[in-house]
Amino acid sequence: MKIKELNSIIKSKRNQIIQSGLQYGFNHYKTIKYSKELDILLNKYSYQNSLCPKSLKNI
C-alpha cells in the first residue's frame with residue numbers, strides 16, 4: 001500500500017472515530033474498535049515511512 005493511499009485511509013478512519021464518538025460516545029465499543037483500527041494503520045504508516053527513501057516520500 002502506498003503512503004499516499006495509507007494517508008487517505010487514516011484520514012477517513014479518524015473521521016469515522018469522530019462520528020462514532022459523537023453518535024455513541026467515545027467509550028462505546030464501536031468507537032474503540034475504530035480507534036484500534038487507526039492504531040494499526042498508523043503503525044503501518046510509520047513502518048512504511050521509515051523504510052521509504054526520502055526521495056519517494058513526497059510522491
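Note: hydrogens, waters and symmetry copies are ignored here, and every other heavy atom, side chains too, is used. Please read all numbers here as calculations on a predicted model, not as lab measurements.
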For the residue pair Lys2 and Gln48, what are the closest heavy atoms and their distance? C-OE1, 4.2 Å

Hits for salt bridge (charged side-chain N to carboxylate O under 4.0 Å, His left out) against Lys11, two or more places apart or cross-chain, chain-then-number order -> none

Should Tyr34 and Glu37 be marked as a side-chain contact (heavy atoms from CB on, under 4.5 Å) after you check the CA-CA gap, both sets of side-chain angles, and the distance that decides it? CA-CA 5 Å; Tyr34 298 146; Glu37 291 171 359; 3.7 Å; yes

Around Lys13, counting heavy atoms of other residues, nucleotides and ligands shown, do more than 12 lie under 6.0 Å from its NZ? yes

Measure the spacing between CD of Gln16 and NZ of Lys30 and express it to the nearest 0.5 Å. 10.0 Å

Linking I/L/V/M/F/W/Y whenever any side-chain heavy atoms sit under 4.5 Å apart, do Ile9 and Leu42 land together? yes

Nearest heavy-atom neighbours spanning Tyr45 and Ile10: CB-CD1, 3.7 Å

Table please: side-chain donor-acceptor pairs of residues 18-25 below 3.5 Å, with sequence neighbours left out.
from	atom 1	to	atom 2	distance (Å)
Ser20	OG	Thr31	N	3.4
Ser20	OG	Thr31	OG1	2.7

Is it the case that atom CG in Asn43 sees more than 12 heavy atoms from other parts of the structure closer than 6.0 Å? yes

Nearest-0.5 Å distance that lies between atom CG in Leu6 and atom CG in Leu41: 6.0 Å

